[in-house]
Trainee: 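For reference, the structure I am asking about is given below.
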Amino acid sequence: MIAEGDKSYVLFPLGEKRFALRAETVTELARPDSVQTFPHRTPLLTGVLVRRGRIVPVCDVAQVLVGPAAPPRKFYLIANCKIGARQELTAVPVTGECELASAASVPLTGSEPPYISGLLSIAHETIAIVALEKLICVEATA
Amino acid sequence: MKPLKQLRPQPQAAREDVIVFVVGGYKLAIAAGAVKEIRGMDDLHAFTLGGISARIAKLKYTLERNGTTYFVVDAAQHFQLPASKASRVLVLRNTPTGVLVDSTDRIMEISALHGLPPAFTHEERGWYRGLAVVNGLVVPVVNHNAFLNRSELEILRAGLERVRGVVTV
């Protein structure tokens, strides 16, 4: 049962930890596909995927969220992300299967980085809600 | 409210011949119309022009063709890739620029050019005109005017004139 104030989130694993994206931004969970790379200098972007004729950049957020020791990514979570004035699809590699959950966010402690927009408390687990656009912007300007 | 479809950038649907070439293991493409000649490494002269060589480190050689001096840029260095084994020079049209590449692959026709996704925010925005998709393979189409930009060419022309002037005197 969804309580009033609850919102839906897609919970995704990156190694031992799980993170959340707001469900309304997620368009699909894609099976492993061949990431295509070409020379570029933007941090976090590992290449692009071609999905239904569209070119989708792949943003490896694990480098920021859990560091270089993250295990191999198995799936791509494809989410809408506002970059500049435009809504763009972005593929986020994740390390396992994802889960849809409804929960109310709990207040931030104040020590979180700017790309964490909230926290979820689900069955003794605290899960950070990732603001993908902020994460990409912070890293791009780092 | 506008339907989402109208908000999406549509690829430019214009047929264009491109030359596919390889640099550092990556396949890239350049407008066929921008290339005057593809040649080997013969007749290249190492470029050494005092401070200019240091300022434009990717500039490796000059090539004299029909009374014109072409400035030959190492594409691997332009794209900030590790050094690669160049074997061909793309001599560009309408600009005194040559581009050292590992190999040329083929000429093909692309039917659409997709804009580089805005998530790419660094130097690559100047390097590419866009991305072509050929049989599921993404091939960046280079911006041929970016190998040496206008100000770099002016510096080079001035430097060359200065050297020639010294030689003449």
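Every chain is numbered from 1 and lettered A, B, ... according to where its sequence line falls, protein lines coming before strand lines.
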Trainee: Determine, using the 4.5 Å side-chain heavy-atom cutoff (strictly less than), whether A:Val10 and A:Ile116 are members of one ILVMFWY cluster.
Mentor: yes

Trainee: Report, as yes or no, whether the 6.0 Å neighbourhood of atom CZ on A:Arg22 holds more than 12 heavy atoms from other residues, nucleotides or ligands.
Mentor: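 It does not: A:Arg22 CZ has 12 such atoms or fewer within range.
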
Trainee: Go through the steps to decide whether A:Arg41 and B:Gln80 satisfy the test side-chain contact (heavy atoms from CB on, under 4.5 Å), and finish with yes or no.
Mentor: CA-CA 8 Å; A:Arg41 300 294 296 168; B:Gln80 301 182 30; 2.8 Å; yes

Trainee: Taking all non-hydrogen atoms of both residues, which atom of B:Ala119 and which atom of A:Ile83 are closest, and how far apart?
Mentor: CB-CD1, 3.7 Å

Trainee: Does B:Pro140 reach the side chain of A:His40, with side-chain heavy atoms less than 4.5 Å apart?
Mentor: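 They are not in side-chain contact.
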
Trainee: Given side-chain contact (heavy atoms from CB on, under 4.5 Å), test B:Tyr26 with A:Gln36 step by step and report yes or no.
Mentor: CA-CA 10 Å; B:Tyr26 294 102; A:Gln36 302 193 43; over 6 Å; no

Trainee: Mind checking whether A:Leu119 and A:Val64 sit in one hydrophobic cluster, side chains of I, L, V, M, F, W, Y counted as touching below 4.5 Å?
Mentor: yes

Trainee: What are the two closest non-hydrogen atoms of B:His114 and A:Gly53, and how far apart are they?
Mentor: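 Minimum heavy-atom contact is CE1-O, 3.5 Å.
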
Trainee: Between B:Val133 and A:Ile55, which heavy-atom pair has the shortest distance, and what is it?
Mentor: CG2-CD1, 3.7 Å

Trainee: Does CD belonging to A:Glu16 count more than 12 external heavy atoms closer than 6.0 Å?
Mentor: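 For A:Glu16, atom CD is not crowded (no more than 12 foreign heavy atoms under 6.0 Å).
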
Trainee: Of the backbone (N, CA, C, O) and the side chain (C-beta and beyond), which part of B:Leu116 lies under 4.5 Å from a heavy atom of chain A, both, or neither?
Mentor: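 The side chain, not the backbone.
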
Trainee: Can you confirm whether A:Glu97 is buried at CD, in the sense that more than 12 heavy atoms of other residues, nucleotides or ligands lie under 6.0 Å from that atom?
Mentor: no

Trainee: For B:Phe79 and A:Phe38, I'd like to know if the aromatic rings sit close, meaning centre-to-centre distance below 6.0 Å.
Mentor: no

Trainee: Determine the minimum heavy-atom distance between A:Gly47 and B:Phe120, stating which atoms define it.
Mentor: O-CZ, 4.1 Å

Trainee: Would B:Tyr61 end up clustered with B:Leu156 when hydrophobic side chains under 4.5 Å apart are linked, directly or stepwise?
Mentor: no

Trainee: Quick check: closest heavy atoms across B:Glu124 and A:Pro39, and the distance to 0.1 Å?
Mentor: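 For B:Glu124 versus A:Pro39, the nearest heavy atoms are CB-O, 4.3 Å.
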
Trainee: Does any heavy atom of chain B fall under 4.5 Å from the side chain of A:Thr37, the backbone, both, or neither of them?
Mentor: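 Interface part for A:Thr37: both.
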
Trainee: Answer yes if B:Leu153 and B:Val91 sit in the same cluster of Ile, Leu, Val, Met, Phe, Trp and Tyr residues linked by side chain heavy atoms under 4.5 Å apart, and no otherwise.
Mentor: no

Trainee: What's the separation between atom OG1 in B:Thr121 and atom CG in A:Leu44, rounded to the nearest 0.5 Å?
Mentor: 10.0 Å

Trainee: Between B:Val89 and B:Val23, is there shared hydrophobic-cluster membership here, with clusters defined by ILVMFWY side-chain heavy atoms closer than 4.5 Å?
Mentor: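 They do not share one cluster, since no chain of ILVMFWY contacts under 4.5 Å joins B:Val89 to B:Val23.
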
